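Structure first, commentary second.
Computed from a prediction, not measured in an experiment: that's the story for all the values here. We name chains A, B, ... by the order of the sequence lines, and we start the count at 1 in each one.
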Number of protein chains: 2
Amino acid sequence: MYVKKIAPSLNCGLDLIGEVLYGKWKIRILWFIHEGHLRPSELQRKIPDATRRVLNVQLKELEDHELVTRTIYPVMPPKVEYHLTGFGKTLIPLIRSIGLWGDEHQERLRRVILKQNALSVTESEVDEILS
Amino acid sequence: MYVKKIAPSLNCGLDLIGEVLYGKWKIRILWFIHEGHLRPSELQRKIPDATRRVLNVQLKELEDHELVTRTIYPVMPPKVEYHLTGFGKTLIPLIRSIGLWGDEHQERLRRVILKQNALSVTESEVDEILS
DNA sequence: CCGGATCCTCTGAGATACTG
DNA sequence: CAGTATCTCAGAGGATCCGG
């Protein structure tokens, strides 16, 4: 899911959804927020591979796309919470199906991904890694 | 849908599917192939925005991931056809749902995407573009 | 705890041109 | 018609530092 350009080709749903879901961590962010409200520091802990900056950028985009809301509590220390909007919630079933598909085909997926990414690894080594 | 690195975090379906679907034109390619067999030149015509090289690269990845097969007919002029594998076919319902969601929320999507991408454009101009 | 600003890296993907 | 080899580039995303 990628489709960047707001080009002539925004004429089908597949293109449109690509625009709002585009971003390395977007889907996972939505998934975590959907479980309730979420604070930036919690999100950071759940996705340690992403830097705070990137998470902020993507959260901002999600907000601009009206998929999440950002609530600021004027306290010290600062407190911020993200929630899904009604619109954002409509995406959850979709994300769930995607995740389920991935879970169902886990083994096959791992195998083909490994086979491709680790070209220097032999078949038996792949089996070993997977076991 | 993005997730690139074959990092430690390949532990959920959401990550795994990202690996095989990652690529600007992958989903659309799968969609077109799913309607039957497809020849490279046909695909090129259906996706004129992508160059032949990029399409080839992504087709190769899809093939490596066992989502499509590539059949070569030893004739002159050369003829090649792509088909979905059984595995690839299991993705179609998912892609269909994604597309449907996008279609259902078309107007809202167009609005938020435009609002964000064309920051120099005023609200009324956006309305105008959309009308 | 939160976010913004700066600088940098790296790789997907476009452009072009060439072979069987 | 099909496929490959180079070259190039934008821009997404990472690393860091700083200020509220």
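With C:dC2, D:dA12, C:dG3 as the choices, the nucleotide that has an atom nearest any side-chain atom of A:Y22 turns out to be D:dA12. Of the candidates C:dG3, D:dG3, C:dC1, the closest approach to any side-chain atom of A:P78 belongs to C:dC1. Each of D:dG3, D:dA2, C:dG3 was ranked by its minimum atom distance to the side chain of B:N56; first place goes to D:dG3.
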Pairs under 3.5 angstrom, nitrogen or oxygen only, protein versus nucleotides 14-17 of chain C, please.
unit_1: C:dG14; atom_1: O6; unit_2: B:R53; atom_2: NH2; d: 3.2
unit_1: C:dA15; atom_1: N6; unit_2: B:R53; atom_2: NE; d: 3.1

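Between the CZ atom of B:R70 and the P atom of D:dG3 there is a distance of 4 Å, given to the nearest Å. Rounded to an integer number of Å, the gap from B:E81 CD to D:dC1 P is 14 Å. Across the protein-nucleic acid pair, A:E61 atom CD and C:dG4 atom P stand 13 Å apart, rounded to whole Å. In this structure, B:K60 atom NZ and C:dA13 atom P are separated by 16 Å, rounded to whole Å. Across the protein-nucleic acid pair, A:R39 atom CZ and C:dC2 atom P stand 5 Å apart, rounded to whole Å. Summarising the geometry, the separation between CG on B:L59 and P on D:dC1 is reported as 16 Å, rounded to the nearest angstrom. Here the C1' atom of nucleotide C:dC2 and the CE atom of A:M76 are 10 Å apart, to the nearest Å. Here the P atom of nucleotide D:dA12 and the CD1 atom of A:I29 are 15 Å apart, to the nearest Å.
Looking at heavy-atom distances under 4.0 Å, A:Q58 makes contact with sugar-phosphate atoms alone, never a base.
In DNA chain D, runs of at least 3 stacked Watson-Crick or G-U pairs (N1-N3 plus N6-O4 or O6-N4, or N1-O2 plus O6-N3, all under 3.5 Å) give these stems: C:3-20 with D:1-18.
Residues that satisfy the side-chain contact (heavy atoms from CB on, under 4.5 Å) test with B:E81, not counting sequence neighbours, are B:H37, B:R39, B:Y73, B:K79, B:H83. B:F32 pairs by the ring-ring contact (aromatic ring centres under 6.0 Å, His included) definition with nothing, not counting sequence neighbours. Legend: residues meeting salt bridge (Lys or Arg N to Asp or Glu O under 4.0 Å) with B:R96, ordered by chain and number and at least two apart, are absent. With sequence neighbours excluded, the residues that form a ring-ring contact (aromatic ring centres under 6.0 Å, His included) with B:H105 are A:F87, B:W101.
Proximity of a side-chain donor or acceptor of B:K46 to a complementary backbone N or O of B:E42 within less than 3.5 Å is not detected.
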